[in-house]
Amino acid sequence: MPLVPLPLPDPGSPDLSSPRGFLRWLGRSQLRGRLLATLWSTLELGALAALPVAIGRGVQAVVDRDTRALLAAGLLALLLSALQTAMTVLVHRRAVWNWIHAASQVRQLVARQASALGGGLSRRIATGEIVAVSSGDVEKIGWYVELTARLYGAVLAWLGVSVVVLWHRPGLGLAVLLGVPVLAAAVWPLLGPFERRYTEQRALGGKASELAADTVAGLRVLRGIGGEELFLRRYRAASQRVRAAAVRTARTWAVMQAQEVLLPGLFVIGVTWYGARLALDGSIGVGELIAVYGATAFLAAPLRVIGEAAHAWSVARVSAGRAVKVLALTREESLDEEGLDGDGASVSVGAGDGEGAVELVRRAGRSDLHDPVSGLTARAGRLTAVVCGDPDAAGELAARLGGRPALAEGERAKPSVRLGGIALDGVPLAAARAAVLVHDKEPVLLSGTLAGLLDVPRSGRVEPAEALAAARAEDALEALVEGSPECAGDPMAARITERGRSLSGGQRQRLALARSLVADPPVLVLDEPTSAVDAHTESRIAAGLRELRAGRTTVVFATSPLLLDRADTVLLLQQGRVAATGTHRELMAADPRYRAVVTRDEGAPGGAGAGEAEVAVGSGGAQ
């Protein structure tokens, strides 16, 4: 049986109109797998239901002393057992695949959404909620999608058995035909309370996950201020609330499971008693009584699947609602304004415009980067430094230059940054990121080898060794080699622990800088790339950066004179707008506001008071 490799090339465009719509879309997206699972499940349950008939015929043959009939019944039982065994294997294989396929598809959708929204995702929805969706919720959704195929098989098998029994024994057939729906309907009154309690449990679990994520992220700070115990008590209280909610949910689920065992058992007893009366009256033989009992007992299998499906539906609808909440987040469209390219020609590109994406990449290396909100313009092929007294405002502007700024819920989008006259948020995300790479202030190092860390999409112009040399990462390489004896002295084979925890802050920062440099994008935006290194190393990095990025457009957000002195042009931002332009030395000599920010003179114009003004603008921005 051929299986589709994961991850999928394209997880698709889901129906986000409602949780039900999302589940229906997810089911349609793997229609073939569900049809096969339904077919195998129907054959499996059909063989299971027919097996008592063969056994009954064998018993009747013994009673009648009919050797040929006994052999025929034995052969039939053997064939049915083989068929049931084969179908059980195929059902399990296909069911597990359907589950994994659906879960992986939802994970890819969530990952794509996180990538598209970037830093804006955590501002729109809690981190714990995202973690809960991408872990527990996707499993519940996958379970429901695979279970629906087995549910259809159970229904088809029940209808087939009912028709056969109805044909031979109308009274028993009617009992079988009507008994399953009645018993299944007995579970539904409990679904409402179960779903409400499960919803409460998932909401409390998401809050606990959010608190845990925030605590772990700030653990070093908490230990420094003695707040570790306080947050531990808070998490313990949140965990206990989750536990209590889970117990309430489990109680309802236990009643549902008890019902699934008790009611079918009573039904089997009733039908068997009725069949035994018929056997005593001579209306049916012993073999037929065994067949009737087997067909009735078989109903426990469809009922078990129906009960499991009811449970899966309840939890999947809650989980799908949470997934839809994440996937439905959208970045507001930028204001519909036209920009000008380097020659003064107006360029307007619609979202998803393939020609615009190609044109953007073609122009990127020789076009100016312009932000109409702040008035910032980074000239093509030059190193531009931006001085901003407020780190938060600098971070927001750096994100804007990447074309996908983080917007808080309800925040109105601002005019888009333009590269060569083309709006960055008007082209596909992949094209914008291929043209402009934003190096985050606090980049993350994933676990793996150094070679894996530097294995990123790149132009091929810059080799990893050149990028590491420009980032002055020699001591980081030595530390990696010392911590990885198995690498045999090869730094590229050295292991990096999760988030690079075995390295110092400055070493992590330089390795992350090397990763950005080896990508060699047409436009590189760096936000405080040397904040964790000493002055000597910073001076060497500034020299290496200028040399390696010669002829490429580079924007550096910094307040360090060592970096600023290497820039071709320095821009001073005050209250969210470009207030002065020049070289570092020109601005130091002529502009007291610039001098106050760079020298950190709080009493000078543009010092502490200006910083407070910029904070206000950074959160609201110029419209």
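Positions are given from 1, in the same order as the sequence printed here.
To the nearest 0.5 angstrom, E308 atom CD is 4.5 Å from L147 atom CG. Interatomic distance, R94 CZ to R34 CZ, rounded to the nearest 0.5 Å: 12.5 Å. A distance of 11.0 Å separates OG1 of T88 from CG of L43, quoted to the nearest 0.5 Å. The distance from the CD atom of E139 to the CD1 atom of I100 is 9.0 Å, given to the nearest 0.5 Å. For the atom pair R495 CZ and S447 OG, the distance stands at 6.5 Å (nearest 0.5 Å). Taking CG from L503 and CD1 from I496, the interatomic distance works out to 7.0 Å, rounded to the nearest 0.5 Å.
Counting all heavy atoms, side chain and backbone alike, A323 lies closest to V133 at CA-CG1, 4.0 Å. Here the closest heavy-atom approach between residue L80 and residue A54 is recorded as CD1-CB, 4.2 Å. The nearest pair of heavy atoms linking A37 to V91 is O-CG2, 4.4 Å. Listed here is the closest heavy atom pair of S17 and G21: OG-CA, 4.5 Å. What you find for S319 and D137 is that their closest heavy atoms are OG-OD1, 2.8 Å. Of all heavy-atom pairs spanning V438 and A398, the tightest one is CG2-O, 3.6 Å.
Put simply, the side chain of R197 does not reach to within 4.5 Å of the side chain of Q201, judged on heavy atoms. Contact annotation: the side chain of V96 never approaches that of E146 to less than 4.5 Å [non-hydrogen atoms, C-beta and beyond]. Here the side chains of L327 and V110 are in contact, with some heavy-atom distance below 4.5 Å. A 4.5 Å side-chain heavy-atom check between R196 and E200 finds every atom pair outside the cut-off. L51 has its side chain within reach of S81: a pair of non-hydrogen atoms, C-beta onward, lies under 4.5 Å apart. The shortest distance between side-chain heavy atoms of Y144 and R317 does not fall below 4.5 Å. A heavy-atom distance below 4.5 Å is found between the side chains of W313 and R20. Side-chain contact between I141 and F22: present, with at least one pair of heavy atoms (C-beta onward) separated by less than 4.5 Å.
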Exercise. Does the pair W143 and V315 meet the rule for a side chain to side chain contact (heavy atoms under 4.5 Å, CB included), with working shown?
Worked result: CA-CA 10 Å; W143 176 37; V315 298; 3.8 Å; yes
For this session: In sequence, state the C-alpha distance, the side-chain angles, and the governing distance for L445 and R515, and then conclude on side chain to side chain contact (heavy atoms under 4.5 Å, CB included).
Result: CA-CA 10 Å; L445 301 183; R515 180 176 57 187; 4.3 Å; yes
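Ion pairing of R112 with D10 is present here, as a side-chain N (NZ or NE/NH1/NH2) and a carboxylate O approach within less than 4.0 Å.
If you run side-chain contact (heavy atoms from CB on, under 4.5 Å) between L35 and each of L31, T38, L39, only L31 comes through.
For W25 (side chain) and S13 (main-chain N/O), a donor-acceptor pair under 3.5 Å exists by modelled atom type.
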